[in-house]
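Input: a single structure, listed below in structure tokens.
We name chains A, B, ... by the order of the sequence lines, and we start the count at 1 in each one. Keep in mind the model is a prediction, meaning the values are calculated, not measured.
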4 protein chains.
Amino acid sequence: MSAPPDAVVAGEPIGVAVIGAGYWGPNLVRNFQASDAFRLRWLCDLDVSRAQRVLGHYSTVQATADLAAVLADEAVRAVAIATPAGTHLEVALAALRAGKHVLVEKPLAATYEEGLQLVEEADRRGLTLMCDHTYCYTPAVIRIRELLRSGELGELQYLDAVRINLGLVQRDIDVIWDLAPHDLSILDFVLPEGVKAVAVAAHGADPIGAGRSCIGYLTLKLSSGAIAHVHVNWLSPIKVRTTIIGGSKRTLVWDDLNPTQRIAIFDRGVDVATPGELGAEERREMLISYRSGDMVAPALSEREALRTMVEEFASSIHTGRPPLTDGRAGLRVLDILNATKVSLANGGTFVPLEGAA
Amino acid sequence: MSAPPDAVVAGEPIGVAVIGAGYWGPNLVRNFQASDAFRLRWLCDLDVSRAQRVLGHYSTVQATADLAAVLADEAVRAVAIATPAGTHLEVALAALRAGKHVLVEKPLAATYEEGLQLVEEADRRGLTLMCDHTYCYTPAVIRIRELLRSGELGELQYLDAVRINLGLVQRDIDVIWDLAPHDLSILDFVLPEGVKAVAVAAHGADPIGAGRSCIGYLTLKLSSGAIAHVHVNWLSPIKVRTTIIGGSKRTLVWDDLNPTQRIAIFDRGVDVATPGELGAEERREMLISYRSGDMVAPALSEREALRTMVEEFASSIHTGRPPLTDGRAGLRVLDILNATKVSLANGGTFVPLEGAA
Amino acid sequence: MSAPPDAVVAGEPIGVAVIGAGYWGPNLVRNFQASDAFRLRWLCDLDVSRAQRVLGHYSTVQATADLAAVLADEAVRAVAIATPAGTHLEVALAALRAGKHVLVEKPLAATYEEGLQLVEEADRRGLTLMCDHTYCYTPAVIRIRELLRSGELGELQYLDAVRINLGLVQRDIDVIWDLAPHDLSILDFVLPEGVKAVAVAAHGADPIGAGRSCIGYLTLKLSSGAIAHVHVNWLSPIKVRTTIIGGSKRTLVWDDLNPTQRIAIFDRGVDVATPGELGAEERREMLISYRSGDMVAPALSEREALRTMVEEFASSIHTGRPPLTDGRAGLRVLDILNATKVSLANGGTFVPLEGAA
Amino acid sequence: MSAPPDAVVAGEPIGVAVIGAGYWGPNLVRNFQASDAFRLRWLCDLDVSRAQRVLGHYSTVQATADLAAVLADEAVRAVAIATPAGTHLEVALAALRAGKHVLVEKPLAATYEEGLQLVEEADRRGLTLMCDHTYCYTPAVIRIRELLRSGELGELQYLDAVRINLGLVQRDIDVIWDLAPHDLSILDFVLPEGVKAVAVAAHGADPIGAGRSCIGYLTLKLSSGAIAHVHVNWLSPIKVRTTIIGGSKRTLVWDDLNPTQRIAIFDRGVDVATPGELGAEERREMLISYRSGDMVAPALSEREALRTMVEEFASSIHTGRPPLTDGRAGLRVLDILNATKVSLANGGTFVPLEGAA
């Protein structure tokens with residue numbers, strides 16, 4: 001990607017506006033304010049009093065309900081969008097057309113096709129389009145990516161993610177669209193180069209009569225032959241956020257709710273040696289062995305993920321290189337989400353993915 | 001069921017023999033020895049030295065490799081079988097034909113058809129046929145059954161079971177046949193009367209090249225509309241044995257590895273009230289509410305499950321009533337296991353169940 | 001306490017200044033800004049650039065290094081002091097003399113005598129003097145106070161508090177002065193009326209040669225005959241914040257690091273019935289019995305303690321009643337801290353307390 | 001120690017008798033039966049029916065109430081004593097005088113003086129006198145000993161042990177004599193050579209009116225300047241068995257109730273570098289630094305401690321070398337227990353130890 005036409009001069013803070021003062025917007029406001037790379041100018045919400053409440057009594061940032069005014073502000077070089085997914089296309093497209101770099105809360109858009117429009121528009125204009133896959137910027141996930149890509153865990157054999165909690169039953173989307181993007185974006189982020197998801201099967205359940213799935217199970221086939229499984233659930237009285245990543249050398253357990261031991265790397269597993277000239281059955285009996293080694297819990301920083309995300313946005317704007325979680329990453333997640341819809345409608349059969357990107 | 005022809009006189013110990021001195025047999029030996037209801041006479045194994053090793057230097061119990069001699073011993077009124085599943089049909093049939101009451105380790109037999117033969121043979125002869133679904137006799141599962149059947153949890157909405165560990169890769173069966181019988185027998189045991197599993201879908205993976213699935217995911221549809229999901233895994237470096245049982249009133253979490261808090265009952269969840277005359281969308285918005293109440297961890301005894309199981313076997317023999325986990329319960333589990341095979345072969349589609357029993 | 005001369009009109013925000021922009025000050029800044037009861041006007045620090053950094057680029061609050069100017073501001077009715085303990089006397093006295101209500105970070109002062117001066121000065125002037133014993137305003141501690149004072153736990157038998165972590169080795173105070181005030185202020189807060197600490201014994205250790213105790217153990221005798229023990233430690237690689245509160249009816253475990261189960265109330269314990277006319281030894285044997293009942297983990301709100309503390313400060317200013325953690329409570333904590341010094345110097349003997357207040 | 005007169009020929013099982021069929025005896029019975037190094041001949045208890053119940057219906061071991069007959073049996077070369085502590089002197093002395101090697105349950109005897117008699121008697125006769133400090137033979141404690149003695153943890157700085165539970169209130173001894181011997185024997189076992197306990201201070205409480213301490217806190221000074229603290233408690237509704245061992249290089253946490261991670265070694269702590277020519281205060285400020293490194297949980301076997309203990313007893317008998325937990329180790333524990341009595345009577349002052357052995 002060549003340098004964008006309106007390349008920002010390194011060192012000067014980038015004028016930024018946050019659109020949407022609901023659940024996620026305040027986190028963006030706080031992190032843009034804390035970053036020397038940005039200067040927050042606007043918080044925009046259709047309900048301007050909500051924007052004012054978020055800013056509080058002591059802020060010099062301007063609250064507004066007028067998106068056009070924000071986009072017309074030349075000092076605004078970047079826009080962060082935290083509005084409902086159904087509005088992402090319209091708002092992001094307007095921002096891109098106004099020449100702004102754009103950060104979009106997950107999911108990138110309401111459909112794959114809409115997401116594709118955004119990616120193509122940003123490409124055409126040489127602007128940064130970034131998806132706020134926040135978890136990818138946690139110290140834990142960054143470390144997992146390193147461990148998988150460096151080969152320290154060996155080849156990925158399986159990934160099992162559980163993300164359950166007593167969650168707000170959303171009005172517009174089911175639990176899969178609400179929670180699975182976290183796990184799917186993490187999967188996309190940590191997979192070794194060359195490996196990608198190729199098909200997905202989904203089961204859902206709505207046992208409370210909410211009108212949409214409140215429990216979801218996804219099974220993904222990866223191009224390497226490995227399997228990934230995601231369990232999302234709005235109805236669980238206990239909160240679990242645990243992912244097991246089985247590698248041929250080591251297996252990693254990420255427990256995001258255990259602050260003192262988020263990542264545990266086990267030198268424990270089953271080995272199957274490559275046999276010589278024995279028969280198939282004999283080979284198996286003889287060549288399976290078990291490792292029962294130590295566990296290492298690496299020290300991780302407690303850096304806030306959003307802070308790192310915001311810096312990556314700045315860095316992408318300054319250098320013109322795509323951010324780690326660019327629009328295409330958001331598109332790959334949408335691809336899987338769309339396929340789960342088809343699978344749910346078909347009784348849980350595997351649905352092949354576009355293989356976008 | 002009428003009283004068996006060779007009805008045992010209550011009060012006198014029942015002569016018993018254990019067949020199989022491998023992994024499970026020693027547990028049966030220990031528990032039959034500790035029970036006043038039984039008198040253990042034989043431990044039988046094709047490898048008689050293995051049987052002798054299990055008995056040790058100090059035992060008056062006889063070791064033998066001669067099953068026929070055991071079955072010919074008139075003092076033996078009951079036989080407990082802990083041999084590989086593939087031999088259950090032959091050994092149990094011989095025992096039933098010799099007029100012995102029979103306890104069989106799970107799974108009841110290698111196939112549904114073989115299991116059916118055993119059930120019918122026992123019926124014809126008026127003998128007790130019991131399946132050693134050990135977990136059903138733990139204080140925790142007994143309590144769960146009471147809570148579900150009494151309505152204290154409300155209607156069952158979902159059940160999610162995880163049973164993963166670094167387990168021995170079996171030579172003859174995959175992880176689903178090895179571990180899922182535990183969860184399926186528990187499900188069968190705790191379901192309220194009138195509710196049963198009607199279909200199952202399964203995904204499996206063999207990422208280490210073991211020749212059979214080492215990871216399995218089952219999704220079951222219940223006749224009530226509820227969903228059950230089972231995750232079994234031989235490759236996990238961490239051991240998890242947690243089942244979440246969502247009810248319309250309360251949700252229960254059973255963590256079998258937490259001895260001080262095996263069962264936690266949460267008054268926490270999502271309610272959907274029945275609406276009056278509002279439109280569908282309004283109803284949903286207005287009528288979903290959240291409970292965030294206390295959690296109660298009931299005191300449970302630490303009684304060994306096998307001890308209770310052995311007593312249930314004695315009681316069934318004495319009274320002639322079917323044991324809580326009778327042959328038909330074993331058959332229902334086999335039905336589901338067979339259906340998972342079909343589902344695995346068909347790419348994970350739902351396979352209807354016989355609805356056995 | 002009569003209404004203070006400069007009684008604040010309810011409803012109007014109280015002008016407030018925060019003194020000290022170090023570790024704790026920013027938390028006060030954030031919470032005063034979030035409270036409608038206050039209007040934050042100044043953040044004062046000898047290092048004005050530090051104050052500016054805390055406020056950030058977007059704040060309308062004024063940073064200053066000039067305490068006199070702050071105290072001269074008539075719109076400032078209250079002052080919150082978060083400077084090192086050694087400066088509390090001077091700053092708080094100046095504020096009281098300027099007619100300001102005062103909130104002081106724990107410990108109230110560097111010595112018991114200094115604390116007493118502050119209490120007497122505030123009394124004389126009819127001003128609120130409040131000690132920021134933050135933990136007392138957590139939902140958990142508020143609930144513990146209710147449970148102990150209402151008699152639901154029965155009579156207090158023992159309290160065992162552990163507060164250990166890899167903590168910053170302070171330059172001016174030892175681990176007892178750094179961490180134990182938390183536990184001592186909680187103890188003071190939850191004790192049933194009429195019960196108070198009467199003596200303390202202390203052991204300390206400085207195994208790293210830091211020049212002051214890095215490990216401390218306090219044993220307190222209460223007027224009711226109960227015992228309290230506090231373990232504080234800067235050198236522990238694991239963080240533990242667990243307090244066990246044994247009552248004659250129930251025992252409570254507060255684990256502040258378990259967000260989903262901070263409080264667990266156990267109906268489990270040892271009962272000793274009152275005997276009739278048996279001999280002493282027989283009585284004991286016959287009359288000790290064990291309860292092994294359920295555990296209840298009550299639902300608690302996740303309200304931030306500082307928010308509640310700030311409201312209590314406002315309420316005390318508005319009504320003229322002493323705050324829940326007033327200067328006298330701070331003084332009782334100082335009394336114990338002073339006595340630990342004596343006990344440490346005397347090899348761990350019990351030192352009687354003033355019984356202040 | 002020279003070879004005992006009745007040296008046992010290696011390879012032939014050692015005839016052994018267990019005295020006492022109460023709480024601990026059955027464990028010894030089971031482990032002697034499982035060991036090829038021993039042949040169990042007798043289980044002796046004043047209440048012979050209790051001994052018979054322990055042996056069950058199937059055992060070839062003889063039950064008896066006649067200690068003299070056991071000691072007269074020439075095939076009995078060793079005796080294991082699991083009777084109340086008050087009887088240890090009499091029973092063990094009789095056994096030694098009959099030429100038997102002796103294993104004694106902890107504590108070695110009811111008083112230091114009685115223990116000394118046993119040690120001297122065994123010495124005179126060249127017989128093995130071993131104290132069953134079971135915990136010292138757990139894989140965890142063996143590893144801790146290696147780590148401390150090899151210097152891998154650096155110099156021992158502090159040890160903090162918590163052993164609390166809802167325990168049986170004993171009739172004859174207080175909680176310190178009941179539970180602390182475990183921790184004191186472990187401390188004795190793992191201390192680097194040349195380091196020993198030199199003084200102990202104790203606090204106790206009997207809040208239920210049991211007639212003896214139900215809660216105890218011990219503080220020990222070690223010859224190296226390090227500190228050890230032990231908290232024992234019969235009244236806690238939760239079970240905790242955690243020991244923190246702070247070293248100058250690494251700190252170890254042993255959680256005996258966490259089977260999957262009993263030992264965690266933290267490369268996390270506080271370093272104080274040796275200064276050059278700075279002033280005392282400057283040195284401290286400049287030279288304290290914090291390590292925040294990885295944690296390693298070494299793989300440990302799950303071998304039963306009693307099995308290893310029984311083997312050590314056999315090995316000592318065969319070779320004539322003192323066992324790892326010999327009578328002198330038992331004596332050092334008694335020394336500390338006796339000193340706690342004095343300290344409790346004196347209000348918690350430090351009491352110097354004999355420095356036995």
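- When every heavy atom of G167(D) is checked against every heavy atom of Y290(C), the shortest pair comes out as O-CE2, 3.6 Å.
- The two atoms that bring P237(C) and R268(D) nearest to each other are O-NH1, 3.1 Å, heavy atoms only.
- The OH atom of Y217(C) lies 11.0 Å from the CG atom of L218(D); values are rounded to the nearest 0.5 Å.
- Proximity of the aromatic rings of F350(C) and H203(D) is defined here by a centroid distance below 6.0 angstrom, and this criterion is met.
- If you measure heavy-atom distances from T219(D) to chain C, the contacts under 4.5 Å come from the side chain alone.
- The 12-atom threshold is not exceeded at CG of L46(C), counting heavy atoms of other residues, nucleotides or ligands nearer than 6.0 Å.
- Taking both residues in full, the closest heavy atoms of L166(D) and R291(C) are given as CD2-O, 3.7 Å, listed atom of the first, atom of the second, then distance.
- Of the listed residues G246(C), G269(C), G347(C), A205(C), the one with more heavy-atom pairs under 4.5 angstrom with chain D than any other is G269(C).
- Of the two parts of A201(D), only the side chain, counted from C-beta on, holds a non-hydrogen atom closer than 4.5 Å to a non-hydrogen atom of chain C.
- Contacts between N346(D) and chain C at a heavy-atom distance below 4.5 Å are absent for every atom of the residue.
- The CG atom of L235(D) lies 11.5 Å from the CG atom of D160(C); values are rounded to the nearest 0.5 Å.
- Contact between N233(D) and Y158(C) at its shortest, heavy atoms only, is ND2-CE1, 3.7 Å.
- For the set T251(C), D267(C), L156(C), D206(C), the count of heavy-atom pairs under 4.5 angstrom toward chain D peaks at T251(C).
- If you tally non-hydrogen atom pairs under 4.5 Å between each of V169(C), T349(C), V162(C), L252(C) and chain D, the highest count goes to V169(C).
- A pairwise comparison of heavy atoms in I227(C) and G204(D) identifies CD1-O, 4.3 Å as the closest pair.
- Summarising the local packing, CD of E155(C) is surrounded by 12 or fewer heavy atoms from other residues, nucleotides or ligands at distances under 6.0 Å.
- For V253(D), the part lying under 4.5 angstrom from a heavy atom of chain C is the side chain only.
- Within 6.0 Å of atom CG in L168(C), more than 12 heavy atoms from other residues, nucleotides or ligands are found, so the atom counts as buried in its surroundings.
- The distance from the NE2 atom of H229(C) to the CD1 atom of I215(D) is 10.5 Å, given to the nearest 0.5 Å.
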